[in-house]
Amino acid sequence: GVRLMALKFLTSTGSGRTSDAIRAIDYAVAHGAKIASNSWGGGGSSSALRVAIEHAEAAGMLFTAAAGNEASNNDEVPSFPANYDIANVISVASTTSLGDLSGFSCYGSSTVHVAAPGSGIYSTVPHSKYATLSGTSMATPHVSGLAALVWMYRPQLSMHQVKEIIIGSVRKVPALKGKVITGGLINVKNALEAAWAFEPPHPPAHAPQAIAFEDTDPQIGVYGGIITITAAANESDIEYYRVYMVSGAGFQLEAIGDLIPATGEQELTLELNASFVPSMYARALVAVSGRALGEMPAQLKGIPPHADLVDYGLPVYGPKAASWSGDEDPLEGSVKGSISVDRAKDEASITEYHVYWRMANGTRGPKVGSIPGIGFLEPSCSGPSCALIDTSKTVDGEYVFERGAYGNNEQATIAVSGPGRVEVSVFDTEDYYDTLTVGDVQLTGNLTDYLPRIVELSKGHIDIEWSSDGSVTANGWSFQFKQDGATAELDVDISEILGSGFEVVPAYGVNELTSAAVFVEISDSTTATVSTTLPGDARRLPASESSAGVVDDLASQPDNAIFPPMARAQSKSEVEPWLRHSSRSSEWRILWMEPRATHLSEAATRQGRVRGSFTVSGLGETPLTLTQPAARSALARAVAAQLPSVEDNGVRVVRMVSPSVESVQVEFEIEPESASPTLALDRIEAQLLLLSTGQRAAARFDASLTAALAASGLAPSDEKGSWHAVVGAPQQLSSRMLASTLASTHDDQIGGGRRLRGSTQPQFV
């Protein structure tokens, strides 16, 4: 029979987050669901959602999706996720009981595959009741049910075969000609007859004997290295081998690397040219055999062998400082007290801190104990508007965040860890549209009469998100954040002093980053609070030893190392580098702004745009040099040079603002050509995200920027003769968002009232 897996990510009003939709899809794939029925949609395209559906396709999941209820042509105005051009997607339109296209249904002769009944459907509703409902949400489950019926009838069929059967067996309807790809309505009888005629896959009978893999990438959650496969004893029916990730529940996820031809050799290797980040549900690698007629399923409990995924990771940061409380034991030669450790700024890569004696000759002594990591995270801001938020720290260690009179389209996320407490003392924003979200508490409007507002934060990672739209602004907000757990203690009661002090080393499992260790000196029956950073290296400790296996010093790795530079221990009083002291006088200046548009281009109307930004520093006293027409054109060319699918005139600089006399933030928008494919914005967004991560992509952008500005006669003040830019995270703007912003601008110009904003979140359809 059929089993149902109910995954809820929408609210009772039908709205929700794309990130939660992705989590639902990933969960379904990891737990073996073969069909995902998606009666939801709305908003612009998302590259992250697209990747999640592609992973589902690699795992063999069929993805049926409602075409939408806007009565529009999806060929011209895309509706996602139905419009994703991925091999496992079936986009579904709605018909009436007479077989005509429902008046509300979206359609598309090249983007919508089939139609199914969706008008006046008697269906279940909450509270164990029934009601008659209409929508492509009603049509989509008909297709999902047909897919399940075909799979029950012929369980050996592949996902692609099931999709081909459904699409190829429709009943042609004149009213649907030119409205859907097939021009027809799904038909159960035709589908089952077609399924009987399909030849199912015939995988090899013999499987590889073994698979081995050891991670060599030091980044937490990132895997790299060489996969070794022991070939099948009998390869007579095998043409190739393939490696898949599988979930903890034992189900196939996406493939890793390329096909490995069966050559007759006993041992085969797959060298991963680039490291990979597995799904959060991935637990092992499975090697399967295959041929043109079919491929073995990748399952933990099947015949194919598997190797567990064990992450070799090194901490990125170390403890800031350590101190000794003093010897409470009056006996000479013994000590009793506690070691207090200021936790690393981000413990995402730390499972524990190892504490050792440090001998008088400077070598490491026996292990004293361990302090567990708790996932501690000092406040860190991401997003294009972080520099606009005044941030400081009180003498009591509380963080103060302030955003006064703010502007349009601001976005910032402050990531912290709990437990802790947020106390909001000032809050005045545009009601409903401009919000500050603290965990699951959303604040909006003028809350002066309800302050102070206190939000208690529970243990774990928490995001504080600030967002303003493109219309009305207000006076802003201010809050204080008190964070618990920044320090940890280890009680020490030792009858024999073995060294001059203690060494505190960050570790991820058995792997230590000794270059980030700190040392605290002690003396018998006295108090010492001296903390220093030790020279050292990275170590992977054998399970039976306290130290061994020294590898290269991480601090001396080349610039193109695949892991970020390791942080050295800092003084306890050092302010976090991303924080700046509150200063109302250091306000941002608008240096140049593009005149407001009065209409949208054809491409923007059809697909939307991508908005991005980058900050150029080291301008000396002349930031206005970049606002000249030639310089603006050069900046646009530099961005376009990093985007293979975008012409120079496809990038427009829309605004320049200056946080200081030495830097300028350049804001730009990109729209694809009118003839570009529907998914062009996804590719642009992904390429800009790559630039924002730094490393090689950022270096290429710096070179492009330097060349473009040099051609316009601008030379950098940098000693190396190059310009440097920090690229912010991009934002994809749907055509509806752009249209509503344009309408709002028009209303402002003629004295109109507040605009109504179209939702950019997924909606129930």
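No hydrogens, no waters, no symmetry mates; every other heavy atom, side chains included, goes into these values.
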Considering all heavy atoms, the nearest [X]-[Y] contact:
X      : Y      : answer
Ala284 : Leu300 : CB-CD2, 3.9 Å
Tyr153 : Ala195 : CD2-CB, 4.1 Å
Ala36  : Met61  : CB-SD, 3.6 Å
Ala56  : Ile25  : CB-CG2, 4.3 Å
Val29  : Phe251 : O-CB, 4.1 Å
Ile167 : Thr182 : CG2-CG2, 3.3 Å

When you measure from the side chain of [X] to the backbone N and O of [Y], does any donor-acceptor pair fall under 3.5 Å?
X      : Y      : value
Lys163 : Ala87  : yes
Asn38  : Trp40  : no
Ser247 : His31  : no
Lys172 : Pro174 : no

Exercise: do [X] and [Y] side chains pair donor with acceptor under 3.5 Å:
X      : Y      : value
Ser385 : Gln411 : no
His160 : Glu57  : yes
Glu295 : Tyr244 : yes
Asn74  : Ser79  : no
Ser94  : Ser105 : no

Evaluation steps, salt bridge (charged side-chain N to carboxylate O under 4.0 Å, His left out), between Arg23 and Asp20: CA-CA 5 Å; Arg23 291 175 59 195; Asp20 291 331; 3.5 Å; yes
I want to check something: taking the side chain as every heavy atom from C-beta on, are [X] and [Y] in contact at a cut-off of under 4.5 Å?
X      : Y      : result
Leu457 : Val438 : yes
Leu688 : Ile670 : yes
Thr444 : Leu436 : no
Lys179 : Val112 : no

Partners meeting side-chain contact (heavy atoms from CB on, under 4.5 Å) with Asn73 (sequence neighbours left out): Asp75, Glu76, Tyr107
Pair Asn187-Ser169, side-chain hydrogen bond (donor to acceptor under 3.5 Å, both in side chains): steps then yes or no: CA-CA 7 Å; Asn187 187 280; Ser169 63; over 6 Å; no
Step-by-step side-chain hydrogen bond (donor to acceptor under 3.5 Å, both in side chains) determination, Thr64 to Ser144: CA-CA 6 Å; Thr64 62; Ser144 304; 2.7 Å; yes
